[in-house]
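Taking it in order: structure first as C-alpha cells, then the write-up.
Keep in mind the model is a prediction, meaning the values are calculated, not measured. Throughout, residue positions are numbered sequentially from 1 according to the sequence presented.
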Amino acid sequence: MTLQKPGDLLGAIGGVPMPPNEVVVEAAGVEKWFGRLHVLKGVSMTVKRQEVVVVIGASGSGKTTFIRCMNHLEKIQGGRIFVNGHLIGYREVGGKLVEDREKNIAKQRQEIGMVFQRFNLFPHMTALQNITEAPLLVRKTPQAEAVEMGRALLARVGLSSKENVYPNQLSGGQQQRVAIARALAMKPALMLFDEPTSALDPEMIGEVLEVIKELAREGMTMIVVSHEMGFAREVADRVVMMDDGQIIEEGTPEHFFTSPTHERTKSFLSKIL
C-alpha cells in the first residue's frame, strides 16, 4: 500500500488542525466503575500539542475505557477530563460534576476523532459516503466541498479507487483506513486509536500503521492504545503503561524498551517482545 503524496496526508483538510492550547488533553484523577468493578483508579495524564502517546498494558488494565472516557463514550464517576480546555461531558455545579446537555457533548466530540478496533463503518454507505456523512450533517459542509475533501482523504490513505465500494467489499485493512479518513474529515484536534490493528490479519497491519505513522509525522496529536511495540518504538513521543486501572510507568520509548523500572512493566514486555 502506497500513500499518495507522502508527507501530506492531512493536506486534504487544510493541514493539521492546530489546537489553541499547548495542552490538548488534561485528565486528572479519573475514576470509573462498572458496578462493583473499579476500572480506573485516579488516572491522570497530560498530552501536549503534536504529541503521540502510545498506551500499553494487558487486557483489562483500563486502556480502552480510559480513552473512551475522553469523548464521553463512557461516563466517569470522579476526576476531570479536559480536551482543548473544555471539560468533557460535564458541567461543574457547586464543585460537583453534572452531566452536560447532549447538544454540548456532541459539539465537544467534533474536536475528537476516534478509530475503533472493529471499524464501525456504516454498512449501507459507500466508502466516500462514510467519510462525507458527518461533515455534511454536523458541520453543514457544502456537498461539493465535502465530496472533494472525501475523495482527497481516500487518495491520501491509498483508496482513491474505492470511493463507490461498500464496506463488505473491502478488506479489514481497507475498512480501517476508511475509518481513519472518516475521523479526519471532521478536522479533529485530537485523534484516539483503540487498538486499531487488533482485528486485522497480520498482512494488513502494516498498511494501517503506515497511515498512523504519516499522521504522526505531520504533527497530529494522538493517543494510541496498541500492542504493536515496533510501532510504539518508532512513533511514540511517550509510552504509558497501565495496569489494574492505574498508570504505573511512563517515559520515552528508549526508556521503556531499554530500562523500564516497574516490575510489572518488565514482566509485560518480556512476554510480548
Original post:
Are K271 and S267 close enough, and set up right, to give a side chain to side chain contact (heavy atoms under 4.5 Å, CB included), and what steps lead you there?
Top reply: CA-CA 7 Å; K271 295 174 182 177; S267 173; 3.8 Å; yes
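- Linking Ile, Leu, Val, Met, Phe, Trp and Tyr whenever their side-chain heavy atoms come within less than 4.5 Å leaves L184 and L136 in two separate clusters.
- Side-chain contact check for K107 versus K103: every heavy-atom pair is 4.5 Å or farther apart.
- Residues L200 and F119 form a side-chain contact, since some pair of their non-hydrogen atoms from C-beta on lies under 4.5 Å apart.
- The backbone N or O of V147 sits nowhere less than 3.5 Å from a side-chain atom of T132 that would complete a donor-acceptor pair.
- One side chain, H38 or E31, offers a donor N or O that lies under 3.5 Å from an acceptor on the other.
- When every heavy atom of M191 is checked against every heavy atom of V115, the shortest pair comes out as CE-CG2, 4.0 Å.
- Between E214 and R156 there is no salt bridge, since no side-chain nitrogen of the basic residue lies less than 4.0 Å from a carboxylate oxygen of the acidic one.
- The backbone N or O of T261 sits less than 3.5 Å from a side-chain atom of E249, completing a donor-acceptor pair.
- Contact between I131 and P135 at its shortest, heavy atoms only, is O-CD, 3.2 Å.
- For K63 (side chain) and M242 (main-chain N/O), no donor-acceptor pair under 3.5 Å exists by modelled atom type.
- Interatomic distance, OG1 of T221 versus CG of N84, reported as 8.5 Å (0.5 Å rounding).
- Residues Q169 and K162 fail the side-chain proximity criterion, which asks for heavy atoms closer than 4.5 Å.
- The nearest pair of heavy atoms linking D100 to I105 is O-CD1, 3.6 Å.
- The cluster map of Ile, Leu, Val, Met, Phe, Trp and Tyr, joined by side-chain heavy atoms under 4.5 Å apart, puts I67 and L73 in the same cluster.
- A distance of 5.5 Å separates CG of N71 from CE of M114, quoted to the nearest 0.5 Å.
- Side-chain atoms of Q108 come within 3.5 Å of backbone atoms of G89 as a donor-acceptor pair (strictly under, hydrogens ignored).
- A distance of 9.5 Å separates CZ in R177 from CE in M204, rounded to the nearest 0.5 Å.
- Considering all non-hydrogen atoms of both residues, G62 and L40 come closest at O-CD2, 3.5 Å.
- A donor-acceptor contact shorter than 3.5 Å links the side chain of Q77 to the backbone of W33.
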**OP:** Any chance you could lay out the side chain to side chain contact (heavy atoms under 4.5 Å, CB included) test for E92 and L97, step after step, and finish with the verdict?
**Re:** CA-CA 5 Å; E92 283 203 43; L97 292 181; 4.1 Å; yes
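- Between the R139 side chain and the M186 main chain, a donor and an acceptor come within less than 3.5 Å of each other.
- Rounded to the nearest 0.5 Å, atoms CE (M222) and CZ (F193) are 5.5 Å apart.
- The closest donor-acceptor contact from the side chain of S44 to the backbone of G29 lies under 3.5 Å.
- Contact of the I76 side chain with the Y90 side chain is registered, since non-hydrogen atoms from C-beta on lie closer than 4.5 Å.
- Salt-bridge check for E102 with R109: passed, with a basic side-chain N closer than 4.0 Å to an acidic carboxylate O.
- You'll find the side chain of Q50 stays beyond 4.5 Å of the side chain of D237, heavy atoms only.
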**OP:** Let me see the working for E22 and K48 under salt bridge (charged side-chain N to carboxylate O under 4.0 Å, His left out), right down to the final yes or no.
**Re:** CA-CA 6 Å; E22 176 64 24; K48 295 183 178 180; 5.3 Å; no
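- Considering every non-hydrogen atom in both V24 and A189, the closest pair reads CG1-O, 4.3 Å.
- A donor-acceptor pair is defined here as one N or O able to donate and one able to accept, closer than 3.5 Å; no such pair exists between the side chain of E111 and the backbone of K187.
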**OP:** Go through the steps for D244 and K41 under the test side chain to side chain contact (heavy atoms under 4.5 Å, CB included), then give the verdict.
**Re:** CA-CA 8 Å; D244 192 28; K41 304 174 182 178; 3.0 Å; yes
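- F256 places a side-chain heavy atom less than 4.5 Å from the side chain of I56.
- Side chain to side chain, T65 and E74 fail the donor-acceptor criterion of an N or O pair below 3.5 Å.
- Rounding to the nearest 0.5 angstrom, the gap separating the OG atom in S171 from the CD atom in E203 is 9.0 Å.
- E195 and R68 are not joined by a salt bridge, as no carboxylate oxygen comes within less than 4.0 angstrom of a charged side-chain nitrogen.
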**OP:** Under the side chain to side chain contact (heavy atoms under 4.5 Å, CB included) rule, what do E163 and T126 come out as? Steps first, then yes or no, please.
**Re:** CA-CA 6 Å; E163 69 173 74; T126 65; over 6 Å; no
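- F231 and I272 fall within the same hydrophobic cluster, where Ile, Leu, Val, Met, Phe, Trp and Tyr residues are linked whenever their side-chain heavy atoms come under 4.5 Å apart, directly or through other members.
- Side-chain contact between V224 and V235 is absent, with no heavy atoms from C-beta onward closer than 4.5 Å.
- Judged purely by atom type and a 3.5 angstrom limit, Q174 has no side-chain atom pairing as donor or acceptor with the backbone of L159.
- Residues P167 and N130 approach most closely at CG-ND2, 4.0 Å, considering heavy atoms.
- Taking CG of L209 as the start and CD of E234 as the end, the distance is 9.0 Å to the nearest 0.5 Å.
- Under the 4.5 Å side-chain contact rule for hydrophobic residues, F82 and V43 share a cluster.
- Counting heavy atoms from C-beta outward, M229 and V54 have side chains that stay 4.5 Å or more apart.
- L87 and I223 fall within a single hydrophobic cluster, where Ile, Leu, Val, Met, Phe, Trp and Tyr are joined by side-chain heavy atoms under 4.5 Å apart, directly or via other members.
- A donor-acceptor pair under 3.5 Å is absent between the side-chain atoms of T265 and the main chain of P260, judged by distance alone.
- A 6.0 Å sphere centred on CZ of R91 holds more than 12 heavy atoms belonging to other residues, nucleotides or ligands.
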